[in-house]
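In what follows, a single structure is set out as structure tokens and then discussed.
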Amino acid sequence: MRFLHFSDIHLEQGFREVSSRRFLNKRLVGWMNLRLRRAKHYKNAPAKVRALADLVEREKVDVALCSGDYTALGTEPEIVYARECIEPIRAAAQAYVTVPGNHDVYLPDALGIFEEHFADVLTTDLPDLAGDDLWPQVRLFDGVAVITVNSARPNPPISRSSGRIPDDQLAGLEAALAHPEVQSRFVFVMTHYAPRLKSGRPDTPNHGLENADEFLALLAQVPRGAICHGHVHKCFHVQVPETPMTLFGAGSTTQAGAEGLWLFDIGEGGAHAIRGHWTGEAYELDPAARVDL
Ligand SMILES: [Fe+2]
Ligand SMILES: [Fe+2]
């Protein structure tokens, strides 16, 4: 089966309908940051998302995986706009699996909006393992299981953008990994936050995954699989001593000059990932940048 992993598309439209009340907080700083520094990096993001749908069709991708950060400031008009933009990708693939990023739950008033507008793709084949907050979700495909946990949370302090996987979800992840339907399959585990950087070291306390060590410890016994994440806007893969699973960061698939993605082929004969890049008009694969799994 063929999987496309992309992330951090950061569509930055839809603010006109947002009330000023929702801006009198960290969003004002975030919005000024967008206008002054960030917008130029994402002005072609909608066209790139359309090009991702072309890639899904061209490469006959079975399952699209997106590790969050669809928006900039997590307001409902942004979430609605992002949901519309990814619809061609969802329609082109057999299945679409996703988690929110910290920008999609930017402040406490954003909680629940993502789940409402992405409800049709937030499904699980093992509902007994999911908590009240929906996660973990498990999707079972031919020879492959995809487990998602939600590490994104609102971060009202201006300088903080860290994440944490709730303890209940870690317990659910442990149960999912022990499930016979999962144990017989190649396992993707996807969350927004990077458990490790490209160097193999943890991210900073203000930007990283608070309980990355506990997360990786649960994944120590997974013989065949990959960890897919976003948040760090660099496309990379890294092997760490804590788990046999390779970590794949898609980076920010739409950020000008830093576009990245991973295409995975998982079959009985083996599994590998190929990195992709943006040519200026389309996403193309780099067969030389191949990682055997
Ligand atoms: Fe991001
Ligand atoms: Fe993020």
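Order of appearance sets the numbers: ligands from 1, and atoms from 1 within every ligand. No hydrogens, no waters, no symmetry mates; every other heavy atom, side chains included, goes into these values.
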With respect to the Fe ion (ligand 1), what is the nearest N, O or S atom of D8? OD2
So does H233 have any N/O/S atom less than 2.8 Å away from the Fe ion (ligand 1)? yes
Can a cation-pi geometry be assigned to R83 and Y70, taking NZ or CZ under 6.0 Å from the six-membered ring centre and within 45° of the ring axis? no
For atom CZ of R201, decide whether the heavy atoms of other residues, nucleotides or ligands shown that lie under 6.0 angstrom number more than 12. no
Output field for angle at the Fe ion (ligand 2), H192.NE2 vs D69.OD2, rounded to 10°, should show 90°
Honestly curious: do I165 and M190 fall in one hydrophobic cluster under the side-chain, below-4.5 Å linking rule? no
Please tell me whether H233 and H10 have a donor and an acceptor in their side chains that are separated by less than 3.5 angstrom. yes
Can you confirm whether more than 12 heavy atoms, excluding those of E87, are under 6.0 Å from its CD atom? yes
Any N/O/S atom, backbone or side chain, of H10 lying under 2.8 Å from the Fe ion (ligand 1)? yes
Please determine if the Fe ion (ligand 2) has an N/O/S atom from S161 lying under 2.8 Å away. no
Do you know which N/O/S atom name in H231 is closest to the Fe ion (ligand 2)? ND1
